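Take a look at the structure below.
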There are 2 protein chains.
Amino acid sequence: MAKAVTIKDIAQHCGLSVATVSRVINNKGAIRAETVERVEAAVQALGYRPSMAARALKSASNRTLGVIIPSLTNPVFAETAAGLQQQARLLGYTPLILSSDYDDALESSAVENLLAYQVDGVLLTVNDATSSAALERLDEAGVPYCLMHNVPRQRVAGFIGVDNFRAAAEVATRIQALGHTRIGMVSGDFMRTDRARDRYAGFLAGLKYAGVELAHLVQVDPVNATGLQESLSRIYSQEGSHPTAWFCSNDLLALATIAQLEAMGRSVPDDVSIVGFDGIQAGALRQPMLTSVRTPNLEIGSASVDLLMAQIHDTSSNTGRKLDYHLMEGGTLAAVSEMPDPDSGNTPDPHLQSLDESKDDA
Amino acid sequence: MAKAVTIKDIAQHCGLSVATVSRVINNKGAIRAETVERVEAAVQALGYRPSMAARALKSASNRTLGVIIPSLTNPVFAETAAGLQQQARLLGYTPLILSSDYDDALESSAVENLLAYQVDGVLLTVNDATSSAALERLDEAGVPYCLMHNVPRQRVAGFIGVDNFRAAAEVATRIQALGHTRIGMVSGDFMRTDRARDRYAGFLAGLKYAGVELAHLVQVDPVNATGLQESLSRIYSQEGSHPTAWFCSNDLLALATIAQLEAMGRSVPDDVSIVGFDGIQAGALRQPMLTSVRTPNLEIGSASVDLLMAQIHDTSSNTGRKLDYHLMEGGTLAAVSEMPDPDSGNTPDPHLQSLDESKDDA
DNA sequence: CTACAATATGTAAACGTTTACATCACCATT
DNA sequence: AATGGTGATGTAAACGTTTACATATTGTAG
């Protein structure tokens with residue numbers, strides 16, 4: 001292992017003290033232009049790279065940002081991580097990405113891990129922002145942080161995400177407006193994440209506002225979607241009228257639902273409509289495209305970095321921001337094909353603004 | 001920012017020297033059982049976490065593994081990263097994951113970055129293992145590393161991956177065996193990654209062995225697949241017989257190709273067969289499933305960690321390993337529906353072993 | 001009873017930075 | 001000419017560990 005070149009080597013090579021070299025590197029204080037050049041040349045020549053370890057030790061800043069996401073393989077968080085990494089790189093920061101696997105204990109241990117690395121700040125998506133030991137720990141440690149995707153009701157240091165409640169409510173009225181009266185929802189990780197909860201609550205509220213009842217609620221394991229196949233085939237094997245539309249709390253679930261329905265001989269969207277949530281690439285790579293609430297995942301990542309930076313440097317009071325989502329048209333959401341139930345008939349109302357979202361906490 | 005508790009605090013709290021505490025924590029040397037208990041209790045009580053920075057500085061080991069992957073959002077690498085992180089966690093290591101965005105310069109700078117962090121070793125997928133500045137730098141620095149997905153011809157410290165050449169060749173004979181005679185290939189990042197090159201070379205070799213010629217080669221940008229739509233519509237708008245099967249060098253490309261073909265009114269696999277490469281989840285979440293060469297991505301990650309550990313500790317001579325892939329049956333690969341060209345008729349031969357793969361380097 | 005190994009702990013230096021403080025030269029103001 | 005400000009650099013301490021070496025305490029064999 002070739003000995004790494006240190007600041008001392010540079011100092012020696014230039015006939016300067018390490019202090020001066022350090023000042024040049026961080027361009028702090030007043031240095032002669034010629035000295036700067038000399039040092040920079042030496043840095044180039046010897047291939048010097050400051051040791052992050054030593055930097056962190058002096059507890060100034062090691063230009064490292066901790067990141068905790070629930071899953072590396074879920075495209076939503078992968079995209080968020082990509083956006084964040086890009087922005088961090090632009091600003092000269094390195095992200096240290098950890099996955100919590102949707103597990104509270106791992107979430108907490110990830111925070112401890114990041115604390116041990118003395119990161120300058122943390123970007124994270126927690127399972128449930130209303131009751132997160134990880135978040136409390138960060139508050140306690142006084143480390144700046146910014147939540148991604150979580151949009152908590154209580155006050156937090158910072159957050160960037162979309163209004164899941166409102167978006168889900170909008171989906172509900174949109175579905176109803178197309179004549180559907182028997183509507184189901186497929187939700188994953190229901191008790192585990194605040195997003196799923198908000199989406200469920202929003203969807204219910206939207207349906208209620210539109211005067212429709214939720215016909216079915218299918219809950220499945222978020223990771224491997226166990227139980228989906230069974231639940232769906234049970235529902236569709238029963239007599240009577242089946243749901244003509246399903247809202248799925250995320251796109252992965254929506255794609256699994258479509259695959260299952262098609263395997264059961266139902267055509268999407270001719271027989272049954274599907275709406276997802278997230279707008280992942282895999283949804284766009286099919287024909288017809290998966291109708292979905294498209295969330296700006298890359299931007300959630302990069303905006304979170306910006307907000308965190310503001311916190312770190314300006315100690316700004318800006319506490320968070322809701323980003324716009326986009327409910328796409330067409331795709332796997334179509335007008336109902338069967339005759340609607342006789343008792344339906346109220347006109348959809350677009351005034352979603354009147355919806356109250358501050359109640360439905362489970 | 002609450003002052004972090006250090007090893008000194010523990011020492012003071014226990015009436016011991018820092019040396020003893022350090023020894024307890026790393027359980028090195030001989031310590032009285034009662035002392036161990038006392039220290040561990042204090043660690044628990046005060047919530048002590050050793051500073052990674054200080055550890056790294058003493059240049060022992062900071063139990064950190066550097067990771068470089070071409071993309072966070074490509075499911076293949078996301079899965080690999082997930083597998084690797086899981087295994088690393090098991091062994092008490094923390095992965096520091098960086099994305100190179102398929103860019104050689106970023107690849108190199110990522111290596112420099114990891115070197116600055118004094119990681120114990122590096123796990124990485126490079127664009128092209130035969131000419132990688134990043135790899136040379138690692139060799140020069142003497143840092144243990146293990147390639148993931150790259151299966152280089154020259155000697156390297158370590159690698160874990162599948163035999164892309166052989167797998168692609170197998171795909172070729174499989175397609176031909178189903179009666180296809182007009183076969184195309186869609187390849188991304190062709191000049192950029194050794195995987196795409198090996199798959200192309202293997203496919204060509206396989207076709208040649210089966211006595212078929214490649215009818216079309218469509219090359220597209222790996223990231224956004226620009227040019228795919230244009231190329232395909234040009235090919236299918238021409239007079240004459242069109243390809244009845246396409247091999248795509250990865251699943252993302254395969255899904256995009258299917259979407260495009262279906263948008264052009266072709267049915268998959270009734271009119272045209274598609275075979276991908278990687279076996280990503282999105283391919284399995286459609287009906288019919290995307291036929292693909294399934295690579296053990298999670299295992300590539302975890303096996304790489306194991307191999308790297310062997311390198312770090314045992315200075316083992318084990319230099320690399322090829323993992324099994326699996327070419328799935330059915331799905332989007334079906335027997336040809338049109339009449340095959342009159343001049344075809346040779347029987348496929350399963351003796352792929354005779355294929356020589358040591359020639360086709362671009 | 002002495003001596004020597006083994007066990008258990010303490011002391012202090014080192015790792016590569018950053019930074020408060022000191023120094024020195026130079027020039028401008030009184 | 002003395003004073004003081006400013007610009008450029010050096011000195012040395014500190015950050016939280018690990019670890020070679022020293023020391024102290026035992027048990028045990030001669």
Side-chain angles (χ1 to χ4, degrees), chain A residues 1-40 42-43 46-64 112-113 115-120 141, chain B residues 1-40 42-43 46-64 112-113 115-120 141:
Chain A
M1 181 106 128
K3 204 92 210 91
V5 23
T6 78
I7 202 174
K8 265 186 201 165
D9 301 320
I10 303 293
Q12 204 155 2
H13 186 271
C14 296
L16 289 167
S17 74
V18 290
T20 308
V21 176
S22 173
R23 277 187 280 257
V24 170
I25 286 159
N26 305 18
N27 50 339
K28 277 193 178 143
I31 320 108
R32 205 143 48 97
E34 188 252 331
T35 310
V36 174
E37 273 175 36
R38 210 145 44 96
V39 170
E40 274 169 356
V43 166
L46 305 192
Y48 166 73
R49 279 233 134 196
S51 152
M52 284 304 154
R55 263 208 187 150
L57 191 50
K58 274 301 293 183
S59 76
S61 151
N62 55 2
R63 304 207 131 234
T64 304
E112 295 300 334
N113 209 336
L115 255 28
Y117 277 90
Q118 320 231 110
V119 295
D120 293 5
Chain B
M1 183 107 126
K3 206 89 211 93
V5 25
T6 79
I7 200 174
K8 266 187 199 162
D9 301 319
I10 303 293
Q12 204 153 4
H13 186 272
C14 297
L16 290 167
S17 74
V18 292
T20 307
V21 176
S22 172
R23 277 186 281 254
V24 171
I25 286 159
N26 306 20
N27 51 337
K28 273 189 181 152
I31 320 108
R32 205 144 46 98
E34 188 252 332
T35 311
V36 173
E37 273 174 36
R38 209 145 44 100
V39 169
E40 275 169 355
V43 165
L46 305 192
Y48 166 72
R49 280 234 133 196
S51 151
M52 283 305 154
R55 251 198 201 159
L57 191 50
K58 274 304 290 186
S59 74
S61 150
N62 54 4
R63 304 206 132 232
T64 305
E112 294 300 335
N113 209 336
L115 255 29
Y117 277 90
Q118 320 229 113
V119 295
D120 293 3

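Quick note on labels: first sequence line is chain A, next is B, and so on, each numbered from 1. None of these values were measured; they are calculated from a predicted model.
Following rounding to the nearest Å, B/Y117 (OH) and C/dG16 (P) show an atom-to-atom distance of 18 Å. The separation between B/I10 atom CD1 and D/dT18 atom C1' is 16 Å, rounded to whole Å. Atom CG of B/L16 and atom P of C/dA8 are 13 Å apart (whole Å). B/I31 places its CD1 atom 11 Å from the C1' atom of C/dT7, with the value rounded to the nearest Å. The distance from atom CZ of B/R23 to atom C1' of C/dT11 is 10 Å, rounded to the nearest whole Å. For the pair A/I7 CD1 and D/dG10 P, the computed distance is 12 Å after rounding to whole Å. If you measure from atom CG of A/D9 to atom C1' of C/dC15, you get 13 Å, rounded to the nearest angstrom. The separation between B/K8 atom NZ and C/dG10 atom P is 15 Å, rounded to whole Å.
Legend: residues meeting side chain to side chain contact (heavy atoms under 4.5 Å, CB included) with A/D9, ordered by chain and number and at least two apart, are A/V5, A/T6, A/L46. Residues passing the side chain to side chain contact (heavy atoms under 4.5 Å, CB included) test with A/R63, sequence neighbours excluded: A/S61, A/Y93. Applying the side chain to side chain contact (heavy atoms under 4.5 Å, CB included) criterion to B/K58, with sequence neighbours excluded, gives no partner residue. Remark: A/E37 engages no residue in a side chain to side chain contact (heavy atoms under 4.5 Å, CB included) (not counting sequence neighbours).
Comparing C/dA8, D/dT9, C/dT9 against the side chain of B/A30 picks out C/dA8 as the nearest. Proximity note for A/V18 (side chain, C-beta onward) versus C/dT18, D/dT18, D/dA8: the nearest is C/dT18. When the nucleotides C/dG10, D/dA12, C/dC21 are ranked by their closest atom to the side chain of A/A19, D/dA12 comes out on top. When distances run from any side-chain atom of B/N26 to the nucleotides C/dT9, D/dA8, D/dT18, the shortest one goes to D/dT18. When the nucleotides C/dC15, C/dT19, C/dG10 are ranked by their closest atom to the side chain of B/K58, C/dC15 comes out on top.
B/T20 has no side-chain polar atom (N or O) that falls below the 4.0 Å cut-off from OP1 or OP2 of C/dT9. Neither OP1 nor OP2 of D/dT18 sits under 4.0 Å from any side-chain N or O of B/K28. For the pair B/S22 and D/dT18, the criterion of a side-chain N or O lying under 4.0 Å from OP1 or OP2 is met. Dashed line: the shortest gap from a side-chain N or O of A/R32 to OP1 or OP2 of D/dT9 is under 4.0 Å.
The CD atom of B/E40 sits 11.0 Å away from the OG1 atom of B/T35 when rounded to the nearest 0.5 Å. In this structure, CZ in B/R55 is found 5.0 Å from CG in B/N26, a value given to the nearest 0.5 Å. How far CG of B/L57 is from CD of B/Q118: 7.5 Å, rounded to the nearest 0.5 Å. Between the CG atom in A/N62 and the OH atom in B/Y117 there is a gap of 5.5 Å [rounded to 0.5 Å].
Taken residue by residue, residues 48-56 of chain B places no heavy atom nearer than 4.0 Å to DNA chain C.
Contacts of A/T6 with the nucleic acid, taken as non-hydrogen atoms under 4.0 Å apart, involve only primed sugar atoms and P, OP1 or OP2.
Between the side chain of A/R49 and the backbone N or O of B/A116, no donor-acceptor pair lies under 3.5 Å.
Rounded to 10°, the angle separating the first-five-pair axis and the last-five-pair axis of the helix from C/dC1-D/dG30 to C/dT30-D/dA1 equals 60°.
Position along DNA chain D of the nearest nucleotide to A/L57 versus A/G29 favours A/G29 as the more 5'-ward residue.
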Side chain to side chain contact (heavy atoms under 4.5 Å, CB included), that's the test. Do B/T20 and B/I31 meet it? Break it down for me.
CA-CA 8 Å; B/T20 307; B/I31 320 108; 4.3 Å; yes
